[in-house]
**Student:** 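Let me begin by handing over the structure; questions about it come next.
Every heavy atom of this structure was used, including side-chain atoms; hydrogens, water molecules and symmetry mates were not. We name chains A, B, ... by the order of the sequence lines, and we start the count at 1 in each one.
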Amino acid sequence: MPAIDPATLPKHFDAPEAEARWDRVWEEWGVHAWDPARSRDETFVVDTPPPTVSGSLHVGHVFSYTHTDVIVRYRRMRGRNIYYPMGWDDNGVPTERRVQNYFHVRCDPTLPPRGADLAVPTDAERKGPPRLVARADFIELCLSLTRGDEEAFKTLWRRLGLSVDWKEEYSTIDRRCRHLAQLSFRDLFDKGHVYSVEAPFMWDIDFHMAVSQAEVEDRPARGAFHDVAFGVEGGGEFTIATTRPELLPACVGVTAHPDDQRYRPLFGKRAVTPLFHVPIPIFPSEAVDPEKGTGILMVCTFGDATDVAWWRERKLALRQVLGRDGRLVPVAFGSPGWESEDVVAATRSYVELAGKTVHGARQRVVELLREAGALRAEPRPIEHAVKFYEKGDRPLEFITTRQWFVRLLDKKDALLAKGEEIRWHPDFMRLRYRNWTENLGFDWCISRQRYFGVPFPVWYPLDAEGRPDHARPIVAEAAALPVDAMVDVPPGYAPEQRDRPNGFTGESDIFDTWFTSSLTPQISSGWLLDPARHRKLFPADVRPQAHDIIRTWAFYTIAKAMLHEDAIPWRNVVVSGWILDPDRKKMSKSKGNVVTPTHLLDQYTADGVRYWAAGARLGTDTAFDDKVFKVGKRLVTKIFNAGKYVLLQGGTPGPITAELDRAFAYRLRGLVEQVTASFEEFDYAHALQDTESFFWADFTDTFLELVKGRARQGDGSATAALRLGLGVLLRLFAPVLPYITEEVWSWAFAEETGARSIHRAPWPGAADFAGVAAPADPASFDAAVACLAAVNKGKSEASVSGGRVVTRLVAAANPATLDRLRPVAADVMSAARVEGHELRSDAVLADGAFALVEIVFAPVEA
RNA sequence: GGUCGCAUAGCUCAGUUGGUUAGAGCGCCUGCCUCACAUGCAGGAGGCCCCUGGUUCAAGUCCAGGUGCGACCACCA
């Protein structure tokens with residue numbers, strides 16, 4: 001193949017132009033397309049994380065998605081048929097919240113649909129109360145807003161060079177995903193893995209919905225111990241310390257540690273609450289810490305999870321004062337369940353509290369206690385942990401509601417066993433999964449009292465009084481799915497019977513967003529909708545994800561695969577770290593330290609940004625450091641220039657025969673083996689590091705300089721070795737730097753090899769080195785480099801230009817080193833511009849070392 | 001409080017199964033426009049490998065204990 005015409009080469013690498021051009025060409029060539037005809041064995045399936053599109057674009061996205069793409073591009077070059085889809089996680093609370101703010105609306109499911117109004121409200125309108133919109137209209141607003149978000153993500157992904165097969169694009173709210181999620185529910189229902197129950201459970205008073213354990217986080221919060229005096233029937237009193245005095249009317253018991261001498265005499269007696277004068281049992285419990293507070297505490301329905309446990313164990317009364325909106329509901333003291341020894345006083349006190357928020361009621365009840373003389377001390381401020389919904393702003397409450405659950409608590413051992421079948425990268429991440437699974441405290445609550453999500457395919461029959469019979473849910477048959485229970489009618493009923501006595505009512509809840517997201521492997525494979533495809537794509541090969549969602553996404557996906565098919569969803573989990581800001585704090589929108597990715601791409605090019613991302617080992621958090629981007633950009637430039645130089649050599653490639661060239665090929669082959677081994681272990685960071693260091697130190701700064709003389713004379717061995725080096729290095733870089741490598745590849749290698757895209761070119765291996773004889777001594781390369789360095793040092797110390805001609809050089813080395821140098825000495829002298837040299841043997845010198853005895857420079861030309 | 005990870009040059013990080021004098025890039029200093037590249041090239045300075053103890057002929061590397069940083073989980077009386 002002739003050398004390319006210099007005139008056809010661009011002077012500089014125009015990255016934005018190249019990024020746009022190759023994105024188009026790759027699409028046209030189908031470089032990233034999955035071939036459904038090829039077998040499972042040849043296929044590499046990625047269970048791509050569907051990003052939450054209602055969040056902002058973040059460098060963290062760029063970081064972890066690049067890791068996946070690098071892994072994918074390597075496998076593609078290994079000849080695997082890549083299935084690499086992209087989904088958008090658009091359903092769920094973050095979208096609803098964004099829509100509420102963006103359009104200044106709230107959903108009122110009782111309203112009839114009127115058609116969504118997509119107008120953005122004016123500032124004046126924003127000052128007024130939010131517009132109420134029907135459920136269907138609210139959903140339409142959600143869809144319209146997320147569509148734009150998805151476009152923004154897609155633009156970013158394409159620019160970044162993610163080699164996604166865009167034919168396999170989906171969103172978790174689309175019809176297919178709704179269908180699969182409902183099929184999942186139907187399957188779990190048939191297998192007895194789901195149930196609904198009315199019970200106290202964690203509830204967010206702002207979002208008006210139940211939340212699962214996985215979405216709960218503890219946050220430190222300010223609180224105060226309130227010392228409240230309780231009476232004892234038959235005389236006496238004691239003081240409890242509570243942080244939640246507003247729950248005093250909901251108090252249903254008092255407990256202390258069984259060995260606590262202070263309170264032992266009280267067990268079995270009844271206490272009487274202040275203000276409300278309600279008699280309640282006093283019982284012992286091992287769970288009480290005698291050191292905490294006053295060592296005796298009140299049990300309320302419900303202050304926390306232990307209250308729920310005591311309430312169940314002791315079969316205590318239920319006095320729920322907190323409503324779903326977080327305000328105290330009206331109750332009638334004296335009525336059944338609300339017995340009081342002084343109904344008048346109790347009522348007088350409670351009237352002061354009813355309708356107030358937790359916060360307001362707390363302030364008022366403290367005043368009332370103080371007035372009644374029941375407050376033994378002023379509140380003592382403390383800092384304690386409080387449970388919050390991860391996206392919520394106010395503490396969770398335990399409120400009795402009806403919810404659907406997936407039974408998981410009785411399957412911990414099986415879930416743990418499945419986790420052990422999966423390979424985790426890095427391996428210690430499996431402990432996160434194990435830890436979470438072992439400590440699971442609740443079944444999975446999958447019902448959410450929200451609107452934008454996949455509806456439950458469930459109706460309930462109504463009795464003659466119009467009350468739903470929750471014990472006999474009507475679950476849509478698999479063949480009838482997908483359905484919207486609020487629109488569609490269950491079999492055997494007529495539309496007019498909706499919400500009528502002896503008719504039916506639709507389940508208005510939607511699934512927890514993870515209920516759908518946990519099916520991403522099945523969404524890819526089609527599962528029950530396409531069994532043949534399912535066999536080709538399930539289980540996936542690799543699940544890339546972040547470590548903070550091991551307890552949600554990874555855990556639920558493993559659970560679903562197990563419950564549905566007793567399978568594992570993927571063979572490997574690859575866990576990326578976090579991006580930290582330069583102060584080593586986690587980047588987050590709320591902290592205002594987020595760097596947006598688009599300007600990084602503008603400034604450093606896609607390859608430069610990818611270089612930065614690929615430098616981070618799996619599972620390791622990385623500080624944001626713009627110096628690394630600069631290095632990446634420089635590497636791109638260097639590859640461009642080196643490629644240009646190598647391909648401009650006029651010689652015809654011949655057999656690689658020169659000792660230096662063979663020694664170089666030998667080293668290069670070692671690099672290929674090393675880099676390949678790293679990629680096989682998903683260790684792209686070391687693969688890149690080794691390739692980069694070889695490229696710079698062994699290729700451009702040394703080999704390329706050493707063979708320039710011969711290359712200029714058209715030497716076939718030098719020309720071939722340079723091309724071998726460039727062709728191999730380009731491919732080793734290609735997974736990380738797809739644009740520049742494709743660009744340089746296209747100048748000559750595409751035609752020469754028949755692989756028009758480097759990303760479909762075969763990964764370097766033995767075939768590239770066939771016909772290259774082993775060097776007489778691989779260390780001849782080191783000898784050449786060391787000798788050249790010695791001359792360079794002489795020039796540097798004399799402050800002369802590297803191009804300065806040396807008329808006389810006397811260098812010394814030990815005999816073995818000299819032997820290694822001789823076959824390559826001509827290359828060294830040519831590169832160092834030495835016109836006359838003498839090599840002396842000096843046995844004292846260390847092996848491999850060269851000493852400069854004499855160096856004489858040619859006079860500077862006028 | 002439980003679990004896990006990290007700690008090496010001013011900064012960001014490599015350092016394979018223990019094995020000569022601990023490496024790279026950035027930054028810094030000194031030179032050099034040398035015919036691919038000044039987004040470059042050459043040369044150089046710069047390290048109680050967190051601390052203490054142990055195993056070993058030999059420890060940055062293995063073990064134990066500590067310290068610091070980070071993450072995940074738990075902690076509502």
**Student:** Which is true for A:A798 with a 4.0 Å heavy-atom rule: it touches a base, it touches only sugar-phosphate, or it touches nothing?
**Tutor:** nothing
**Student:** Roughly, in whole Å, what's the span from CZ in A:F388 to C1' in B:rC76?
**Tutor:** 10 Å
**Student:** May I ask you to say what A:D218 touches in the nucleic acid, namely base, sugar-phosphate or nothing, with a heavy-atom cut-off under 4.0 Å?
**Tutor:** base
**Student:** Quick check for you: among B:rC76, B:rU3, B:rC26, whose closest atom lies nearest to any side-chain atom of A:K627?
**Tutor:** B:rC26
**Student:** Tell me if the aromatic rings of A:F302 and A:W310 count as close, with their centers under 6.0 Å from one another.
**Tutor:** no
**Student:** With heavy atoms under 4.0 Å as the rule, sort A:K292 into base, sugar-phosphate or nothing.
**Tutor:** base
**Student:** Would you say B:rG40 has OP1 or OP2 under 4.0 Å from some side-chain N or O of A:R634?
**Tutor:** yes
**Student:** What distance, rounded to whole Å, do you find between the two C1' atoms, one in B:rC75 and one in B:rG10?
**Tutor:** 41 Å
**Student:** With nearest nucleotide decided by heavy atoms, which residue, A:A846 or A:W310, maps closer to the 5′ end of RNA chain B?
**Tutor:** A:A846
**Student:** Please state the P separation for the pair B:rC63 and B:rU16 - nearest whole angstrom.
**Tutor:** 13 Å
**Student:** Counting the atoms with a prime plus P, OP1 and OP2 as sugar-phosphate, which does A:G293 contact under 4.0 Å by heavy atoms, base, sugar-phosphate, or nothing?
**Tutor:** nothing
**Student:** Taking the side chain as C-beta and beyond, is there a heavy-atom pair between A:F13 and A:I740 under 4.5 Å?
**Tutor:** yes
**Student:** Assign A:V288 to base, sugar-phosphate, or nothing according to its heavy-atom contacts below 4.0 angstrom with the strands shown.
**Tutor:** base
**Student:** How many angstroms lie between atom OG1 of A:T807 and atom CD1 of A:I855, to the nearest 0.5 angstrom?
**Tutor:** 9.0 Å
**Student:** Between atom CD in A:E673 and atom C1' in B:rU16, what is the gap in whole Å?
**Tutor:** 15 Å
**Student:** Between B:rU20 and B:rU61, how far apart are the C1' atoms? Round to whole Å, please.
**Tutor:** 16 Å
**Student:** Side chains of A:S212 and A:E215: is there a donor and an acceptor less than 3.5 Å apart?
**Tutor:** yes
**Student:** Less than 4.5 Å apart, side chain to side chain, heavy atoms only: is that true for A:T437 and A:Y433?
**Tutor:** yes
**Student:** Report yes if the side chains of A:F664 and A:L706 come closer than 4.5 Å at any heavy-atom pair, otherwise no.
**Tutor:** no
**Student:** So, is A:K708 close to the B:rU34 phosphate, meaning a side-chain N or O under 4.0 Å from OP1 or OP2?
**Tutor:** no
**Student:** NA contact type, A:F225, heavy-atom cut-off 4.0 Å: base, sugar-phosphate, or nothing?
**Tutor:** sugar-phosphate
**Student:** Return the nearest nucleotide to the side chain of A:R432; candidates are B:rC37, B:rU39, B:rA71.
**Tutor:** B:rA71
**Student:** Can you tell me the distance, in whole Å, between the CH2 atom of A:W436 and the C1' atom of B:rG2?
**Tutor:** 14 Å
**Student:** Considering just the side-chain nitrogens and oxygens of A:R551, establish if one lies under 4.0 Å of OP1 or OP2 belonging to B:rC73.
**Tutor:** yes
**Student:** Quantified in whole Å, what is the C1' atom distance between nucleotide B:rC48 and nucleotide B:rA9?
**Tutor:** 14 Å
**Student:** May I have the distance from A:R617 (atom CZ) to B:rU16 (atom P), rounded to whole angstrom?
**Tutor:** 11 Å
**Student:** Using the C1' atom as the point on both nucleotides, what is the distance between B:rG18 and B:rG60, in whole Å?
**Tutor:** 10 Å
**Student:** Return the value, rounded to whole Å, for the distance between atom NZ of A:K630 and atom P of B:rG27.
**Tutor:** 8 Å
**Student:** What's A:K795 touching, base or sugar-phosphate or nothing? Going by heavy atoms closer than 4.0 Å.
**Tutor:** nothing
**Student:** Cation-pi check for A:F850 against A:K793: NZ or CZ below 6.0 Å from the six-membered ring centre and within 45 degrees of the axis, yes or no?
**Tutor:** no
**Student:** Pairing of RNA chain B as dot-bracket, 5' to 3': ( ) intra-strand, [ ] crossing, | other strand, . unpaired, with Watson-Crick or G-U pairs under 3.5 Å?
**Tutor:** (((((((..((((.....[...)))).(((((.......))))).....(((((..]....))))))))))))....
**Student:** Please pick, from B:rA42, B:rU39, B:rC76, the nucleotide with the shortest atom-to-atom distance to any side-chain atom of A:T637.
**Tutor:** B:rU39
**Student:** To the nearest 0.5 angstrom, please state how far the CG atom of A:D827 sits from the CD atom of A:E705.
**Tutor:** 12.0 Å
**Student:** What interatomic distance, in whole Å, is found between C1' of B:rC62 and the corresponding atom of B:rC57?
**Tutor:** 16 Å
**Student:** Thinking salt bridges, do A:E681 and A:R423 make one under a 4.0 Å N-O criterion?
**Tutor:** yes
**Student:** On RNA chain B, does the nearest nucleotide to A:K633 precede the nearest nucleotide to A:V386 from the 5' side, or the other way round? Give the residue.
**Tutor:** A:K633
**Student:** In this structure, how many angstroms lie between the P atom of B:rC35 and the CG atom of A:N641, rounded?
**Tutor:** 13 Å
**Student:** Is there a donor and acceptor pair, one atom on the side chain of A:K387 and one on the base of B:rC76, closer than 3.5 Å?
**Tutor:** no
**Student:** Pick base, sugar-phosphate or nothing for A:R833, based on heavy-atom distances below 4.0 Å to the nucleic acid.
**Tutor:** base
**Student:** Considering every strand and a 4.0 Å limit on heavy-atom distances, what is the contact class for A:Q213: base, sugar-phosphate, or nothing?
**Tutor:** sugar-phosphate
**Student:** How many Å lie between CD on A:E246 and P on B:rC76, as a whole number?
**Tutor:** 16 Å
**Student:** If you check the A:D625 side chain, which of B:rC26, B:rA36, B:rU12 turns out closest?
**Tutor:** B:rU12
**Student:** Would you mind telling me which of B:rC73, B:rC76, B:rG43 lies closest to the side-chain atoms of A:H384?
**Tutor:** B:rC76
**Student:** Does A:K795 reach the main-chain N or O of A:V800 with its side chain, forming a donor-acceptor pair under 3.5 Å?
**Tutor:** no
**Student:** Any residue in residues 683-705 of chain A with a heavy atom nearer than 4.0 angstrom to RNA chain B? Just list them by number, or reply none.
**Tutor:** A:H686, A:Q689, A:W696, A:T700, A:D701, A:L704, A:E705
**Student:** Measure from the side-chain heavy atoms of A:K793 and tell me the nearest of B:rG43, B:rU3, B:rA71.
**Tutor:** B:rG43
**Student:** Under 4.0 Å, heavy atoms only, any strand: does A:I382 hit a base, just the sugar-phosphate, or nothing?
**Tutor:** sugar-phosphate
**Student:** Indicate the ring-plane relationship of A:F682 and A:H425, choosing parallel, tilted or perpendicular according to the 30° and 60° boundaries.
**Tutor:** tilted
**Student:** Distance check: side-chain N/O of A:Q649 vs OP1/OP2 of B:rC35, anything under 4.0 Å?
**Tutor:** no
**Student:** Salt bridge check, A:E692 against A:K638: does any charged N sit closer than 4.0 Å to a carboxylate O?
**Tutor:** no
**Student:** Between atom CG in A:L396 and atom P in B:rA74, what is the gap in whole Å?
**Tutor:** 12 Å
**Student:** Using the P atoms only, state how far B:rG2 lies from B:rG66, rounded to an integer number of Å.
**Tutor:** 11 Å
**Student:** When the P atoms of B:rC35 and B:rG40 are considered, how many whole Å apart are they?
**Tutor:** 16 Å
**Student:** Can a donor-acceptor pair be found between the side chains of A:D304 and A:T306 at a distance below 3.5 Å?
**Tutor:** yes
